[in-house]
*Asks:* 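Please read through the structure below; I'll follow up with questions.
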Number of protein chains: 2
Amino acid sequence: MKELLVGNKPLINYVLAGVGMLKDDDELVIKARGKAISKAVATAEMLRKQFFPGELEVTDVKIDSETRPAPELGREVLVASIEIYMRKKGN
Amino acid sequence: MKELLVGNKPLINYVLAGVGMLKDDDELVIKARGKAISKAVATAEMLRKQFFPGELEVTDVKIDSETRPAPELGREVLVASIEIYMRKKGN
């Protein structure tokens, strides 16, 4: 399954990358961490509603987190993450 | 089921609100829209891993979106949303 890692670039970059991935694939997982999680959900919804209306569905959404050192804060921080699994209907 | 709506306040506000809600309830749904989605996921994970370690689980995560007018942009925009369902284990 192809993976779309969402980061700091503009939303449209990821939406268009998703469109490209779904041209020759029926499934896709969108992943993001921290503040990019909102953009990952927006990417999934734009693909689902605007680029593949009625064709694409969310099959699963997983959230998790990991503890990471943050030397600049002198402690560890919990960094959240999301995985959004999508699939073309009827596949 | 109690609802925790996550918005623009600091993360800790929502985490502590969640702790309060889970004192006398076994279930909770965390909701957010747009950029607050990342904070909603962080809230859920902090509750799960730091405040209720081993006690609290995510039972479901739903994403959706709605089209809203954006007069300042002269068009409509798609606003994403998330619902994170949580429950104390064994309930």
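Throughout, a chain's letter reflects where its sequence line sits, starting with A, and its residues are numbered from 1. If you're wondering where the values come from, they're calculated on a predicted model, not measured in any experiment.
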*Asks:* Count the heavy-atom pairs under 4.5 Å between each of A:D64, A:I37, A:D60, A:V41 and chain B, then report the option with the highest count.
*Replies:* A:D64
*Asks:* Chain B heavy atoms under 4.5 Å from A:I63: which part of the residue, side chain, backbone, both or neither?
*Replies:*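 Contact with chain B is through both the backbone and side chain of A:I63.
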*Asks:* Could you tell me which portion of A:T67 (side chain, backbone, both or neither) has an atom closer than 4.5 angstrom to a non-hydrogen atom of chain B?
*Replies:*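 When you check distances to chain B, no heavy atom of A:T67 falls under 4.5 Å.
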*Asks:* Is the shortest side-chain N to carboxylate O distance from B:K2 to B:D26 below 4.0 Å?
*Replies:* no
*Asks:* Between B:A44 and chain A, which part of the residue has a heavy atom less than 4.5 Å away: side chain, backbone, both or neither?
*Replies:* side chain
*Asks:* Honestly curious: do B:L5 and B:L28 fall in one hydrophobic cluster under the side-chain, below-4.5 Å linking rule?
*Replies:* no
*Asks:* As a test of understanding, state which of A:K31, A:K62, A:R33 forms a salt bridge (charged side-chain N to carboxylate O under 4.0 Å, His left out) with A:E83.
*Replies:* A:K31
*Asks:* For salt bridge (Lys or Arg N to Asp or Glu O under 4.0 Å), just list the numbers for B:R87 and B:E57, CA-CA rounded to whole Å, side-chain angles, deciding distance to a tenth of an Å, and then say yes or no.
*Replies:* CA-CA 6 Å; B:R87 183 181 53 207; B:E57 60 187 349; 3.6 Å; yes
*Asks:* Taking A:K88 first and then A:E27, would you say they form a salt bridge - that is, a charged N and a carboxylate O separated by under 4.0 Å?
*Replies:* no
*Asks:* Shorter than 4.5 Å, heavy atoms on both sides: which option in B:A42, B:G34, B:A80, B:S38 has the most such pairs with chain A?
*Replies:*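 Greatest number of close heavy-atom pairs with chain A: B:S38.
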